Amino acid sequence: MAELQEVQITEEKPLLPGQTPEAAKTHSVETPYGSVTFTVYGTPKPKRPAIFTYHDVGLNYKSCFQPLFQFGDMQEIIQNFVRVHVDAPGMEEGAPVFPLGYQYPSLDQLADMIPCILQYLNFSTIIGVGVGAGAYILSRYALNHPDTVEGLVLINIDPNAKGWMDWAAHKLTGLTSSIPEMILGHLFSQEELSGNSELIQKYRNIITHAPNLENIELYWNSYNNRRDLNFERGSEITLKCPVMLVVGDQAPHEDAVVECNSKLDPTQTSFLKMADSGGQPQLTQPGKLTEAFKYFLQGMGYMASSCMTRLSRSRTASLTSAASIDGNRSRSRTLSQSSESGTLSSGPPGHTMEVSC
């Protein structure tokens, strides 16, 4: 238990001494489905894609990603890339409440707004980082525009449309639970909600007292009405770029992410299951996710000379490979970590990695 507490303290460390927050420029563009707001950090780097984020329901880009991108070890990454953080329509800070009867865009239409953003910024390619609904939106965009997406980090993705049983459960829950409580149940595990930690109290307060709660409900409804992405291993309907799937152990969307992993190309997909991270690993374990993201970028050919992080210096890694009985599948690799001194090795590209850390 003492070791766990030590790790948590390390994970919550913000910017390193002497570092200052980057200047941000916020823009809005009109699209066929309404206006969308996004914030740009940094300047474009030659021959490098933009890191492009999309947040989950109940959050905006700050409440979803700020702990991750302000984490000390993340600064080595973000100094090498321009970043674009999208706020779904009506989710940006100070957003007015949409009028009664407003037709909120579907998740497919939200994905169709992304080309307008990239055209406005004159960016040609991205590495997408999405959580929940944002992960779905970036996946839909990647299916429609594969040549513009170099890689995807998908946290808590559920690529499936709701089935009849899901709809029935959702309707029954709606009879006894408020919209904020249903969204909290989407974001966090029941164990986390029952524990009512400071993090849960913070986000419960953010969502319950959000001045744009009506807008949040519209985004929530669009998420629950999503279409099936129809991923199928070996078919044309799949993600063509490198993908890192991320989910917390016992998180609400663990089964959905595991199923998604089974449907994607194993030569392009890494699967990261994070222990002790709950439903939002980018909030609870920014250090571990930063390191995984760094190795993901290295596998894509970026940041080859990146130095070792504190996390990797403090843990050993054992890499076990097993040949698949299916000749068409790549080897499966499992990476486990301990707290003894050592290094963390990144696996070679072109293999599915099932990672527990």
Side-chain angles (χ1 to χ4, degrees), residues 24-41 50-66 69 83-123 126 128-145 148-149 152 154-159 161-162 179-180 182-184 186-187 203 206-227 229 280 282:
K25 295 182 180 179
T26 301
H27 310 264
S28 293
V29 296
E30 289 296 327
T31 77
Y33 306 104
S35 177
V36 62
T37 299
F38 52 94
T39 304
V40 181
Y41 289 83
I51 293 175
F52 191 99
T53 75
Y54 217 116
H55 62 86
D56 203 355
V57 176
L59 309 173
N60 57 29
Y61 93 83
K62 288 185 177 179
S63 58
C64 189
F65 291 109
Q66 206 165 58
F69 284 97
R83 299 192 336 267
V84 182
H85 297 288
V86 180
D87 280 317
M91 304 302 129
E92 66 275 13
E93 291 183 345
V97 174
F98 290 122
L100 188 65
Y102 175 80
Q103 183 63 47
Y104 197 81
S106 67
L107 295 196
D108 289 4
Q109 290 170 335
L110 292 175
D112 288 339
M113 290 180 171
I114 293 177
C116 299
I117 298 173
L118 299 183
Q119 183 179 10
Y120 176 88
L121 295 171
N122 197 28
F123 291 171
I126 64 170
V129 182
V131 181
Y136 178 102
I137 291 165
L138 290 176
S139 297
R140 176 64 72 186
Y141 171 76
L143 288 175
N144 295 338
H145 304 273
T148 67
V149 182
L152 288 172
L154 304 176
I155 305 171
N156 296 336
I157 184 171
D158 187 343
K162 279 187 174 292
I179 293 296
M182 286 194 289
I183 292 175
L184 285 166
H186 161 78
L187 296 174
Y203 280 85
I206 288 174
I207 296 171
T208 302
H209 298 102
N212 62 336
L213 184 57
E214 292 91 341
N215 297 356
I216 293 174
E217 183 176 358
L218 294 175
Y219 188 20
W220 174 238
N221 291 339
S222 287
Y223 176 71
N224 287 312
N225 283 287
R226 65 189 179 278
R227 295 193 302 142
L229 287 174
Q280 298 292 308
Q282 81 283 3

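Predicted, not measured: the structure shown is a model, and the values here were computed from it. In this chain, numbering begins with 1 at the start of the sequence shown.
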Kindly give the heavy-atom pair with the smallest separation between [X] and [Y], and that separation in Å.
X	Y	result
Phe52	Leu118	CE1-CD2, 3.9 Å
Ser106	Ser222	CA-OG, 4.1 Å
Met113	Val36	SD-CB, 4.0 Å
Leu110	Pro89	CD2-CD, 3.4 Å
Val84	Ala50	CG2-CB, 4.4 Å
Pro96	Asn215	O-ND2, 3.0 Å

Option among Tyr41, Phe38, Tyr54 that satisfies the ring pair (Phe, Tyr, Trp, His ring centres under 6.0 Å) test with His85: Tyr41
Stepwise side chain to side chain contact (heavy atoms under 4.5 Å, CB included) test for Thr53 and Arg83: CA-CA 8 Å; Thr53 75; Arg83 299 192 336 267; over 6 Å; no
Decide yes or no for [X] and [Y]: does some side-chain heavy atom of the first lie under 4.5 Å from some side-chain heavy atom of the second?
X	Y	value
Tyr223	Ile137	no
Val29	Gln119	no
Glu217	Leu213	no
Leu187	Leu59	yes
Met91	Ile216	yes

Could you give the distance from [atom1] ([X]) to [atom2] ([Y]), rounded to the nearest 0.5 Å?
X	Y	atom1	atom2	result
Trp220	His186	CH2	NE2	5.5 Å
Leu107	Arg227	CG	CZ	10.0 Å
Gln282	Phe65	CD	CZ	6.5 Å
His145	Arg140	NE2	CZ	11.0 Å
Asn144	Asp112	CG	CG	6.0 Å
Asp108	Tyr33	CG	OH	9.0 Å

Ser28 side chain to Thr37 side chain, donor-acceptor N/O pair below 3.5 angstrom: yes
Does any N or O in the side chain of [X] come within less than 3.5 Å of the main-chain N or O of [Y], such that one atom is a donor and the other an acceptor?
X	Y	value
Asp87	Tyr61	yes
Glu92	Gly90	yes
Tyr203	Ser63	yes
Asn212	Val97	no

